[in-house]
2 protein chains.
Amino acid sequence: MGSCIGATRYDGGVNGAKTSNASRREAPRGRIDKRQAILEAAFRTFAREGYGQSCVREIAAEAGVAKPTIYNHLGDKETLFREAMLAAVGRTSGAGLAALEQLREPDGDVRPMLEEAGHRVLKNHCDPESQALRWLLNAEAARFPDLLETIQREGAQRLHDALADRLARFALSGRLHTSDPDLAAEQFLALLTGPMELRTRLGTRKVSDAELRTVGRAAVDTFLRAYAPRAVDAP
Amino acid sequence: MGSCIGATRYDGGVNGAKTSNASRREAPRGRIDKRQAILEAAFRTFAREGYGQSCVREIAAEAGVAKPTIYNHLGDKETLFREAMLAAVGRTSGAGLAALEQLREPDGDVRPMLEEAGHRVLKNHCDPESQALRWLLNAEAARFPDLLETIQREGAQRLHDALADRLARFALSGRLHTSDPDLAAEQFLALLTGPMELRTRLGTRKVSDAELRTVGRAAVDTFLRAYAPRAVDAP
DNA sequence: AGAAAGTTGAACCGATGGGTTCATGTATTG
DNA sequence: CAATACATGAACCCATCGGTTCAACTTTCT
């Protein structure tokens with residue numbers, strides 16, 4: 001089993017403090033390069049053909065790497081898929097959260113802020129990599145339930161929570177009228193992304209930036225008609 | 001090619017006017033039965049395991065039929081999938097439209113009508129067969145673009161159109177305030193079904209009727225806050 | 001330079017699965 | 001009853017694919 005020739009299943013964390021230390025150049029340079037290349041190529045291939053249709057040969061070719069190298073770094077096709085997906089969600093979820101960052105402005109009109117944030121959320125939502133990630137996740141949800149859970153938590157759930165936080169602040173400063181920021185966030189996101197399912201034909205059609213802008217504006221419009229603070233009925 | 005022994009690729013429409021006529025009992029009785037059984041078993045299997053993972057042997061077993069019988073009725077796995085999906089959307093889309101039927105009442109409070117209709121739409125949306133249909137469609141969208149188009153048109157698009165029609169009538173009778181019933185329909189459906197993606201974990205978790213009721217009520221609430229007719233500013 | 005680790009390409013194994021063939025069986029029809 | 005049409009199950013063919021093995025080669029560390 002634990003022989004020494006080509007059976008050292010690299011695995012392990014990304015932090016490369018191998019045996020020696022001294023020299024500043026990171027120890028597993030060639031290794032980490034290959035691993036990155038493999039994961040990116042894998043995601044590209046999976047995104048193009050789906051999990052079942054992608055064969056490891058092709059992924060190896062796309063990564064410019066030999067097949068045994070893949071099996072050396074990642075044990076089998078399943079973990080290859082898992083790691084590729086996790087890497088992808090790491091790449092993608094950042095952009096979603098960044099889209100909400102500007103909602104931190106302590107003052108200013110709510111409408112233009114929501115419109116800009118909404119547009120950026122939509123843009124990220126329709127980005128090919130993000131779409132591919134959701135597509136793969138949905139397609140293989142049954143086969144990888146744990147992965148589904150993890151990625152949804154790190155993706156959609158984080159977006160939801162961050163938005164709810166922002167809306168709660170708006171409510172507190174009287175710029176929004178709601179007692180349930182979670183519901184408001186859920187509905188704002190629904191108004192944004194819900195219509196895209198049909199409009200993008202489940203992600204198979206790309207949609208113009210203008211259309212994104214239109215949908216975003218309509219969402220904000222309706223959202224504010226429902227959630228803008230109205231005349232207070234307190235005495 | 002057109003031999004006679006077991007190579008007669010049945011195919012054809014459902015209307016079974018074969019050679020003979022006279023007798024009232026439909027001619028291809030055994031045949032149509034088998035075909036139905038096959039299509040239903042196929043959809044069940046596909047819904048359980050996905051397209052790639054379902055092998056024809058298993059479908060045959062589930063249908064209580066021999067494998068060559070499947071290839072005799074439907075040419076290959078692809079058309080088997082297509083036909084099974086089309087049959088399923090035929091079964092499902094009816095329920096969705098029926099959910100909107102009660103919005104035809106010419107008078108009565110809009111809110112309870114929308115709540116009831118919304119609940120029924122949601123219920124249908126979360127029905128296992130409907131969910132399986134959307135899941136399979138989404139998963140195999142890249143492989144069957146034409147099927148995607150057809151099913152979306154007969155499913156989601158029809159629901160949207162029907163709802164837009166109902167809302168247009170409401171607007172005309174002054175019970176709703178909008179000049180764009182298509183947008184209103186799009187957003188109402190988004191408010192209904194959008195939140196379910198996260199809540200059902202992409203369809204892998206079943207959600208209680210109470211939760212459905214809650215989401216539906218919230219959707220109607222927000223929708224009406226945005227679309228209820230307000231004080232008219234006409235002279 | 002020499003050892004150790006890693007990469008490569010090619011061949012190989014075993015399993016799975018789509019699709020076909022065929023001899024046999026059974027129900028319907030004239 | 002005989003003919004026709006269809007269903008059956010089992011075997012078969014062939015391609016693909018996940019995963020492994022191995023000998024040769026390159027890189028890195030000491």
Side-chain angles (χ1 to χ4, degrees), chain A residues 1-12 16-35 37-38 42 45-46 49-61 63-81 143, chain B residues 1-12 16 18-38 42 45-46 49-61 63-81 143:
Chain A
M1 277 195 179
S3 181
C4 57
I5 292 201
T8 7
R9 184 67 51 77
Y10 186 54
D11 198 359
K18 233 195 101 185
T19 59
S20 193
N21 40 17
S23 65
R24 186 175 297 111
R25 49 154 48 127
E26 60 281 6
R29 210 206 53 178
R31 293 164 133 181
I32 199 82
D33 278 6
K34 298 280 181 190
R35 191 189 166 94
I38 290 171
T45 308
F46 286 140
E49 323 226 3
Y51 175 73
Q53 280 55 56
S54 303
C55 68
V56 181
R57 286 177 131 87
E58 191 182 356
I59 295 176
V65 142
K67 194 161 70 129
T69 305
I70 290 188
Y71 284 98
N72 196 25
H73 278 270
L74 305 122
D76 55 2
K77 197 186 177 186
E78 280 205 16
T79 48
L80 173 58
F81 182 68
R143 212 200 303 245
Chain B
M1 279 194 180
S3 180
C4 56
I5 292 201
T8 7
R9 185 67 52 76
Y10 186 54
D11 195 5
K18 229 194 105 189
T19 57
S20 193
N21 41 16
S23 64
R24 187 175 298 112
R25 51 155 44 130
E26 59 283 5
R29 210 206 50 176
R31 293 167 134 182
I32 202 83
D33 278 5
K34 297 281 180 189
R35 189 187 167 94
Q36 283 291 78
I38 289 173
T45 309
F46 286 140
E49 323 226 3
Y51 176 73
Q53 280 55 55
S54 305
C55 67
V56 180
R57 287 177 131 90
E58 192 182 357
I59 296 176
V65 142
K67 194 161 70 131
T69 305
I70 290 187
Y71 284 98
N72 195 24
H73 277 270
L74 305 122
D76 55 2
K77 199 186 177 188
E78 280 206 15
T79 50
L80 172 58
F81 183 68
R143 215 199 303 245

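A, B, ... follow the sequence lines: proteins, then strands. Residue 1 opens every chain. Not measured: the values here are computed from a predicted model.
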Colleague: Looking only at heavy atoms, which two atoms of B/K77 and B/Y51 are closest? And how far apart?
Modeller: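 Minimum heavy-atom separation between B/K77 and B/Y51: NZ-O, 3.0 Å.
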
Colleague: Kindly write out the residues that satisfy side-chain hydrogen bond (donor to acceptor under 3.5 Å, both in side chains) with A/E49, not counting sequence neighbours, or none if the list is empty.
Modeller: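 So A/E49 forms no side-chain hydrogen bond (donor to acceptor under 3.5 Å, both in side chains) with any residue.
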
Colleague: When the distance from CD of B/Q36 to P of D/dA7 is rounded to whole Å, what number comes out?
Modeller: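 Going from CD in B/Q36 over to P in D/dA7 covers 14 Å.
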
Colleague: Think A/K34 has a side-chain N or O under 4.0 angstrom from the OP1 or OP2 of C/dT8?
Modeller: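 Indeed, a polar side-chain atom of A/K34 lies that close.
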
Colleague: Do the side-chain N or O atoms of A/T69 get closer than 4.0 angstrom to the phosphate oxygens (OP1, OP2) of C/dT8?
Modeller: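 Yes, because at least one side-chain N or O of A/T69 sits under 4.0 Å from OP1 or OP2 of C/dT8.
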
Colleague: Have B/N72 and B/T69 got a donor and an acceptor in their side chains that come within less than 3.5 Å?
Modeller: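 Per modelled atom types, B/N72 and B/T69 side chains form no pair under 3.5 Å.
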
Colleague: Check the distance between C/dT7's P and A/I38's CD1 and give it to me in whole angstrom.
Modeller: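 Taking atom P of C/dT7 as the reference, CD1 of A/I38 is at 8 Å.
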
Colleague: Specify the closest pair of heavy atoms between B/A63 and B/A37, including all atoms of both residues, with the distance to one decimal.
Modeller: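 The pair with the smallest heavy-atom distance is CB-O, 3.9 Å.
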
Colleague: Could you tell me the separation between the CZ atom of B/R35 and the P atom of D/dA7, rounded to a whole number of Å?
Modeller: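 Going from B/R35 (CZ) to D/dA7 (P), I get 12 Å.
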
Colleague: Check the distance between D/dT20's P and A/L74's CG and give it to me in whole angstrom.
Modeller: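 To the nearest whole Å, that distance equals 13 Å.
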
Colleague: Between D/dT4 atom C1' and B/N72 atom CG, what is the distance in whole Å?
Modeller: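 Those two atoms, CG and C1', are 15 Å apart.
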
Colleague: Relative to each other, are the rings of B/F46 and B/F81 parallel, tilted or perpendicular (30° and 60° limits)?
Modeller: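 Aromatic pair B/F46/B/F81 classed perpendicular.
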
Colleague: Can you give me the N/O atom pairs linking the protein to nucleotides 17-19 of chain C at distances under 3.5 Å, or say none if there are none?
Modeller:
residue : atom : partner : partner atom : Å
C/dG18  : OP1  : B/S54   : O            : 3.2
C/dG18  : OP1  : B/K77   : NZ           : 2.9
C/dG18  : OP2  : B/V56   : N            : 2.9
C/dG19  : OP2  : B/Y71   : OH           : 3.4
C/dG19  : OP2  : B/K77   : N            : 2.9
C/dG19  : N7   : B/K67   : NZ           : 2.7
C/dG19  : O6   : B/K67   : NZ           : 2.7

Colleague: Can you tell if the side chain of B/R35 reaches within under 4.5 Å of the side chain of B/L74, non-hydrogen atoms only?
Modeller: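 Contact flag for B/R35/B/L74 side chains = yes.
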
Colleague: Using atom CD1 of A/I70 as one end and atom C1' of D/dT21 as the other, report the distance to the nearest whole Å.
Modeller: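 It is 17 Å, rounded to the nearest whole Å.
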
Colleague: Using whole Å, what does the distance between atom P of nucleotide D/dT8 and atom CG of B/D33 come to?
Modeller: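 Nearest whole value for this atom pair: 12 Å.
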
